[in-house]
Amino acid sequence: MTSLVAVEVTANLPYRHTDDLFIDGQWRAATGTGRTLVTNPATEEVWGSVPQASGADLDQAVAAARRAFTGTGRSVRGAGNGWRDLAPAVRAGYLLRLAEEIEKRAEAISHTNTWENGSPVAESSRAASNAASIFRYFASLAGLLETVDIRPFADGSGETVVRQDPIGVCALIAPWNFPINLVVAKLAPALMAGCTVVIKPASPTPLSVRLIIDAVVATGLPAGVVNLVTGPGSFGDALVKHPGIDKVAFTGSTPVGRSIAGACGQLLRPVTLELGGKSSALVLPDVDLDALSQVLIRTCMRNTGQTCYISTRILAPAERYDELVDMVTATIAAAKQGDPMQPDTVFGPAATRAQEQTVRAYLRSGVAEGARATTGGDVPSGFDQGFFVKPTVFADVTPGMRIAREEIFGPVLSILRYDSVDEAVALANNTTFGLGGTIFSEDPDRAFALAGQLDTGSLGLNFFASNHAAPFAGRHDSGLGAEFGPEGLKAYLSPQSVHRRIR
Ligand code: NAP
Ligand code: MG
C-alpha cells in the first residue's frame, strides 16, 4: 500500500479554518451557525472549514451588490457612480489588473485547489494562468460595449439605438471539479458587462476561491461589486430565489440545473446553465492511434474523469476495435495515479467520498450488464487512504448499458463498436446530453463535414480544448445559454431599444 502523508510540509495553503464571508468589500464574521468541513481527498484529512452563511448574511451580500451596481446615482449610463456606470474601458482596466493579481497567487490557488478536490497539480497549477487569460479575454471585449448600434426603420421613418445594459446583481454558483475556472468563467463577463455578483462555491471547494477574492481586494475593486458567501445546496437555492437577484449563472449537475431552471422559470429570471454531459470520441477507421494515444487522457479522462465535456464514450470501428482497445488500455494503465501534489501524477483520487462511491457503483453496473474491464474495475485502489478509484476501461460496451448512457464523472471509459459511420453518428447522437465530443481522423475535411452531423454544443477534431473566444454551450440536458465568447458576455446584458425620428 502507498501512503501519501508527506505532502503537508511544502503545501502553500493560506486559508484553512475560516469564520468569515466577503461582503461589501470586507471579510466579516458569518452569523449562521453551521460549518462546512473541507477534506483532502488524497489523505482524508479534514484540514479546513468555512462557515455556513445565514439568511441575514445573504440579504447583506445581495444588498451590497445592489448598492455597488447602482451607486447613488439614478442613471444607468453616465450620471450615476455605480459599477454599471463606469466606462467599459475603465472596467476592463480593473479586469486586467485582477488578472495580474491572480497570477501572483498561482501557487496558493493550485495547492488549495488540489487539497480541496484532489486535482493533480499538473492540472491545478494552470488554474491561475487560465483564470487570468479569461479576464484578459473579456477585457478585450470592452469595445463591443462602446459600439453605437443604430438600426434604421425599414420605411425610413426613424431609427433605433440598441443599447446594452448590464442585467444587474448576479448569483454565480459553481461546482467542485474546477473551482476557480468555473467561477471565473462567470465572474469575468459579469464584471465586464457592468454586473455585480454574489458567489457561492461548492461545499467541497470553498477555500481556493478566497484567493480570487484576495486578488479582488488587491485590485481595489469597489466595495460590493464581488461578494462571496458559503453554505450548502439549500443555501444555493435561497440565493437563486432571493428577490434581489436579477440573473443566475450555474454550473453543476443536470438535476440541480433543472431545479434552478424551474425556480427561474417561475420568477422569469434569466439563467445560464452549464450542466452534465456524456460526450463521444468518434474514431474513424483512418485514425492515427499513436496520435490519439498522446491526447487520450486530456480528451477523454481529464481531471481524473471529472470534467463535464470529456469524451468518455469511445466509438470504435469494428475493423480496428481490438487494436484500439489495446491502445486505450495500455495508455490508461501506464499513467501514474497517486499523490496529486506530485508534478508527474496524472490521476488523483475522486474529489469526495460520495463521488468515489458513485463511480464504484457504475463500475459494478458495467460488469453486471456484461461489459469487460480491460484495466481497473471495482478493485482495491492500492492506497491505504484517500478516495482513489482505479482508472478503468470497459470494452464490449453496448448502447443500452448505464455506463454508455449516464454521466459517471470519474475515471471510466466505455468503448463501443460500430460497423458503419452512419451507425457511429447515430450512436454519438443517442444521448440526452449535447455538450462536447471529438472526431479522430487523418482526413480533416471528412472530419469537419462529419462535425455537422453531431448534435452537440462543442466538438474537437483530433483534440479538445476550450477557446475563450468561442461559445461553450450545452444542448438538451447539458444546459441553457453559453459561456465564453461575445455570447458569454451577452448573457449578462439586457438590450434597450430607443426608437427615434431622424432629424
Ligand atoms: P451539483 O451538486 O449540481 O452542485 C453544483 C453547485 O450547486 C454547488 O455549489 C452546490 O452546492 C449547488 N447546489 C446544490 N443544490 C442546489 C440547489 N438546489 N440550488 C442551488 N444550488 C445548489 O454539482 P457538483 O456535484 O458540484 O458537480 C458535478 C456536476 O457538475 C457534474 O454533473 C458535471 O457534469 C457538472 N459540471 C458541468 C460543467 C459544464 O460546464 N457543463 C462543468 C463542470 C461540472 P453544494 O456543493 O453546497 O451542494
Ligand atoms: Mg453535488
Side-chain angles (χ1 to χ4, degrees), residues 32 34-39 50-53 58 116-117 119 171-186 198-207 209 228-242 245 248-264 267 269 271-279 302-310 312 350-359 362 406-410 431-437 456-458 464 466 471-484 488 491:
R35 292 194 71 75
T36 298
L37 303 179
V38 182
T39 303
V50 295
Q52 296 186 348
L58 176 58
E116 287 174 328
N117 74 356
S119 285
L172 312 186
I173 303 179
W176 44 257
N177 56 334
F178 290 95
I180 298 300
N181 290 311
L182 296 174
V183 169
V184 170
K186 300 163 180 54
V198 178
I199 301 169
K200 188 204 102 63
S203 289
T205 53
L207 291 170
V209 67
L228 174 72
V229 290
T230 43
S234 55
F235 181 78
D237 181 60
L239 172 58
V240 164
K241 295 174 180 161
H242 195 285
I245 294 295
V248 177
F250 170 82
T251 297
S253 63
T254 297
V256 174
R258 265 187 223 291
S259 113
I260 291 176
C264 289
L267 292 163
R269 187 165 288 177
V271 60
T272 312
L273 302 170
E274 298 289 353
L275 309 177
K278 187 76 180 177
S279 303
R302 181 176 176 193
N303 199 26
T304 318
Q306 299 167 131
T307 306
C308 49
Y309 62 69
I310 49 177
T312 55
T352 63
R353 173 69 78 197
Q355 197 60 28
E356 179 200 346
Q357 287 169 351
T358 300
V359 177
Y362 276 110
E406 299 176 16
E407 179 178 59
I408 299 173
F409 227 56
T431 171
T432 59
F433 297 107
L435 191 56
T456 185
S458 297
F464 194 100
S466 57
F472 180 70
R475 296 182 180 175
H476 313 296
D477 287 359
S478 293
L480 275 183
E483 288 191 326
F484 294 109

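Position 1 is the first residue of the sequence; numbering continues from there. For ligands, and for the atoms within them, numbers begin at 1 and follow the listed sequence.
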Can you find an N/O atom of Trp176 closer than 3.5 Å to an N/O atom of ligand 1? yes

Does any N or O of ligand 1 fall below 3.5 Å from an N or O anywhere on Thr254, backbone included? no

Can you check which of [options] brings a heavy atom nearest to [atom]?
{"atom": "atom 41 (N) of ligand 1", "options": "Thr358, Thr272, Leu275, Leu273", "value": "Leu275"}
{"atom": "atom 2 (O) of ligand 1", "options": "Gly457, Ala185, Gly479, Ser253", "value": "Ser253"}
{"atom": "atom 46 (O) of ligand 1", "options": "Ser203, Ala354, Ser259", "value": "Ser203"}
{"atom": "atom 8 (C) of ligand 1", "options": "Pro175, Ala174, Gly233", "value": "Ala174"}

Sub-4.0 Å atoms of ligand 1 with respect to non-hydrogen atoms of [X]:
{"X": "Glu407", "answer": "31 (C), 32 (O), 33 (C), 34 (O)"}
{"X": "Leu182", "answer": "42 (C), 43 (C)"}
{"X": "Thr251", "answer": "5 (C), 36 (N), 37 (C), 38 (C), 39 (C), 40 (O), 42 (C), 43 (C), 44 (C)"}
{"X": "Ala202", "answer": "8 (C), 9 (O), 46 (O)"}
{"X": "Gly276", "answer": "34 (O)"}
{"X": "Asn177", "answer": "43 (C), 44 (C)"}
{"X": "Gly236", "answer": "19 (N), 20 (C), 21 (N)"}
{"X": "Leu435", "answer": "41 (N)"}

Please work out, at 4.0 Å between heavy atoms, whether the side chain, the backbone, both, or neither of [X] comes within that distance of ligand 1.
{"X": "Thr36", "answer": "neither"}
{"X": "Thr307", "answer": "neither"}
{"X": "Leu239", "answer": "neither"}
{"X": "Phe409", "answer": "side chain"}
{"X": "Ile173", "answer": "side chain"}
{"X": "Val256", "answer": "side chain"}
{"X": "Phe472", "answer": "side chain"}
{"X": "Phe178", "answer": "neither"}
{"X": "Glu483", "answer": "neither"}

The side chain to side chain contact (heavy atoms under 4.5 Å, CB included) partners of Gln357 (sequence neighbours excluded) come to Arg353

Look at the side chain of [X] and the backbone N and O of [Y], then say whether any donor-acceptor pair between them is shorter than 3.5 Å.
{"X": "Thr230", "Y": "Val50", "result": "no"}
{"X": "Asn303", "Y": "Phe178", "result": "no"}
{"X": "Lys200", "Y": "Gly231", "result": "yes"}
{"X": "Asn117", "Y": "Ala351", "result": "no"}
{"X": "Lys278", "Y": "Glu407", "result": "no"}

Below 4.5 Å, heavy atoms only, C-beta onward: do [X] and [Y] meet side chain to side chain?
{"X": "Thr251", "Y": "Glu483", "result": "yes"}
{"X": "Leu228", "Y": "Pro201", "result": "yes"}
{"X": "Phe235", "Y": "Gln52", "result": "no"}

Taken in chain and number order and not counting sequence neighbours, the residues that satisfy ring pair (Phe, Tyr, Trp, His ring centres under 6.0 Å) with Phe464 are Tyr309

Can you tell me if Pro201 contacts ligand 1 (heavy atom of the residue under 4.0 Å from the ligand)? yes

Residue from Ser279, Ser478, Cys308 passing side chain to side chain contact (heavy atoms under 4.5 Å, CB included) with Phe433: Ser478

From Val240, Leu275, Leu182, residue fulfilling side chain to side chain contact (heavy atoms under 4.5 Å, CB included) relative to Phe250: Leu275

For the student: nearest non-hydrogen atoms of Gly276 and Thr254, plus distance: N-OG1, 3.4 Å

Measure across Pro232 and Ser203 and return the closest heavy-atom pair with its distance rounded to 0.1 Å. CA-OG, 3.9 Å

